[in-house]
Amino acid sequence: MAFAIINGKTAAYQSTTDEVQQKRLNRTDFRYRIRTAMSTKNSSDGTSASRPPQPSSTRPPTSRVALKTNIVVIGAGQAGLSSAYHLKKRGLAPGRGFVVLDQSPQPGGAWQFRWPSLRLSTVNRIHDLPGMRFSEAVDTDATEVKASVAVPRYFAAYEKAFGLPVYRPVEVKVVCDRGERFRIETDRRDLSARGVINATGTWEKAYVPVYPGADRFRGRQLHTKDYRTAGEFAGKHVIIVGGGISAIQLLDEISRVTTTTWVTRRPPDFRAGPFTEDRGRAAVALVEDRVRRGLPPNSVVSVTGLPVTPAIKAMQARGVLNRLPMFGEILEDGVRWSDGTSLRADVILWCTGFRSSLDHLAPLMLRELGGGITMTGKLATQVAKDPRVHLVGYGPSASTIGANRAGAVAARELMAFLGEEKT
Ligand code: FAD
């Protein structure tokens with residue numbers, strides 16, 4: 001804004017550049033406002049990022065909401081980006097129509113945090129996001145590229161290519177029902193929206209079962225999500241707990257540098273033959289049936305089993321897959337089974353999976369007594385108790401291909417429910 005003395009009075013006038021600037025601002029005023037609002041950390045209520053999200057609103061009902069939009073997508077992993085892509089494709093405007101909030105420091109969802117030895121050659125399979133192939137952004141021949149490098153590169157290119165309004169790092173603390181609209185409280189400013197697509201994955205909710213004596217163990221305990229390299233364990237005896245794909249991958253790596261013991265609750269369910277699409281569909285159908293009945297989704301491996309890969313055959317040949325049942329308690333220097341046998345160990349690695357990270361939705365009281373959330377809709381993404389909420393990447397859609405499909409359906413169903421469907 002420029003000032004001049006006109007007729008003896010100071011008057012503001014807009015120079016051409018200002019006018020152009022203002023027009024551009026007007027045109028992007030909403031995005032400009034959200035970018036500004038999301039760049040300042042919210043410290044008014046004294047909540048700090050380290051304090052876990054409060055299960056209920058920490059704002060007085062009268063406090064001003066920063067921004068209103070129609071749909072908020074929480075999380076910018078595969079599930080969030082697929083949902084955002086389809087919301088835009090269905091004509092919802094980035095910013096006023098929908099925004100994506102992501103607490104991760106950069107694009108890539110939870111893939112940016114995966115351990116360095118997880119390479120494109122050792123991931124199960126990362127499915128393309130809708131509208132852009134992985135190979136358009138990443139040289140897929142370079143199979144030794146870390147997944148934690150390749151996927152962020154792909155997601156960054158994707159967000160840019162489709163102009164998706166992703167704001168990060170923004171942590172959603174709680175989502176509260178305010179009648180017509182939801183109030184989405186973040187560690188930045190708050191938003192209000194008519195619908196929510198939650199796509200927060202599982203990485204934030206590492207699951208470690210409680211065993212007696214865990215606190216007296218003098219060795220090291222860590223979860224899959226803390227794992228970096230096998231070299232860290234050289235010269236140590238490592239107990240690896242868990243029967244899933246990650247447990248097998250880490251057992252394979254660690255057993256090459258030191259001694260290991262593998263323990264699982266149930267005998268491993270090795271399944272010969274290729275993991276076909278039919279087997280994939282059958283596994284998804286089992287999980288879908290559970291969530292439609294309001295039961296918590298169970299672990300992936302409990303429905304897929306462990307496909308016998310060449311790596312598993314090699315491990316069997318090396319004799320590292322001699323599984324023991326779960327121990328009963330943890331000692332200062334190891335573990336003990338119920339029959340009294342004990343084993344000395346320096347490290348317990350809990351490859352015991354993840355749970356869906358949904359704490360920020362607690363005020364909506366979506367859970368059933370059994371602990372699950374009853375899902376409905378074409379692909380079981382819609383919350384039966386509140387159709388304005390969709391969970392993408394939850395239960396049957398907790399895979400890259402599942403997240404793709406679920407994102408498309410959630411966008412369509414939610415826009416239709418809110419009367420936002422563009423003809
Ligand atoms: P995520 O990728 O976890 O993204 C969720 C995003 O939400 C993150 O950026 C997170 O920071 C953000 N977020 C969380 N909470 C909040 C909050 N409160 N506020 C704001 N943002 C928030 N699937 C496959 O199909 N193929 C594979 O090869 C494969 N390998 C896997 C290997 C491992 C070790 C694991 C753990 C999973 C693997 N999966 C694989 C499953 C995989 O997680 C999913 O397939 C998919 O990538 C999950 O995407 P998502 O978008 O649901 O979650």
Side-chain angles (χ1 to χ4, degrees), residues 38 49 52-54 72-84 99-115 117-129 134 147-148 150-152 154-155 158-159 166-175 184-188 191 196-207 223-227 242 244-250 275 280 283-284 297 299-301 304 351-362 381 390-407 410:
M38 290 303 163
Q54 307 302 307
V72 164
V73 178
I74 310 175
Q78 188 100 7
L81 293 182
S82 165
S83 307
V99 297
V100 184
L101 305 176
D102 188 43
Q103 79 178 16
S104 289
Q106 56 153 0
W111 287 94
Q112 65 195 278
F113 309 119
R114 302 280 199 249
W115 54 91
S117 54
L118 192 64
R119 310 282 165 142
L120 292 186
S121 57
T122 52
V123 297
N124 305 326
R125 178 172 169 204
I126 299 170
H127 286 267
D128 299 335
L129 280 159
F134 191 80
S148 60
V151 179
Y154 175 42
F155 284 14
Y158 190 85
E159 290 176 18
V166 181
Y167 296 92
R168 64 167 60 87
V170 178
E171 181 187 357
V172 172
K173 299 271 187 190
V174 281
V175 177
I184 291 106
E185 297 181 12
T186 80
D187 61 346
R188 311 265 160 182
L191 294 93
V196 170
I197 294 185
N198 189 81
T200 46
T202 62
W203 192 255
E204 311 301 326
K205 293 289 283 188
Y207 171 70
H223 182 271
T224 312
K225 84 175 276 189
D226 316 309
Y227 174 80
I245 294 168
S246 303
I248 297 276
Q249 279 178 345
L250 302 194
F275 187 73
V284 168
S299 69
V300 176
V301 75
T304 62
C351 298
T352 38
F354 298 82
R355 298 291 178 265
S356 303
S357 48
L358 302 172
D359 291 359
H360 52 287
L361 300 180
T381 62
H390 280 252
L391 307 182
V392 178
Y394 174 80
S397 60
S399 70
T400 52
I401 191 161
N404 284 358
R405 294 179 182 142

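Each ligand, and each atom within it, is numbered from 1 in the order the structure gives. Source: prediction; values computed, not measured. Atom set for the values below is all heavy atoms of this structure, side chains included, hydrogens, waters and symmetry mates excluded. Heads up: numbering here begins at 1 and tracks the sequence.
Aromatic rings from His223 and Tyr207 are positioned such that their centres are separated by 6.0 Å or more.
Proximity of atom 48 (C) of ligand 1 to the protein is not indicated, since no non-hydrogen protein atom lies closer than 4.0 angstrom.
Looking at ligand 1, you won't find any N or O of Glu171 less than 3.5 Å from one of its N or O atoms. At least one N or O atom of Asp102, backbone or side chain, sits closer than 3.5 Å to an N or O atom of ligand 1. At least one N or O atom of Trp111, backbone or side chain, sits closer than 3.5 Å to an N or O atom of ligand 1. Residue Thr400 places at least one N or O, backbone or side chain, under 3.5 Å from an N or O of ligand 1. Taking distance alone, with nitrogen or oxygen atoms compared against 3.5 Å, Thr202 stays at or beyond that limit from ligand 1. Not a single N or O atom of Gly393, backbone or side chain, sits closer than 3.5 Å to an N or O atom of ligand 1.
Of the heavy atoms in Thr224, none comes closer than 4.0 Å to ligand 1. Only the side chain of Trp115 comes within 4.0 Å of ligand 1, judged by heavy-atom distances. By the criterion of a heavy-atom distance under 4.0 Å, neither the backbone nor the side chain of Lys173 is placed next to ligand 1. Under 4.0 Å from ligand 1, not a single heavy atom of Ala403 appears.
Nearest to atom 5 (C) of ligand 1 among the protein's heavy atoms is Ala199 O, 3.4 Å. When hydrogens are left out, the protein atom nearest atom 41 (C) of ligand 1 is Ala398 O, 4.1 Å; that is the closest non-hydrogen contact. Protein heavy atom nearest atom 32 (C) of ligand 1, with residue, atom name and distance: Arg114 NE, 3.8 Å. When only non-hydrogen protein atoms are considered, atom 22 (C) of ligand 1 lies nearest to Gln103 CG, 3.6 Å.
Here the shortest heavy-atom distance to atom 19 (N) of ligand 1, taken over Val172, Val73, Leu118, belongs to Val172.
Across Ser356 and Thr202, no two heavy atoms sit closer than the pair CA-CG2, 4.1 Å.
Classification of the Trp203-Phe113 ring pair by plane angle, with boundaries at 30° and 60°, yields parallel.
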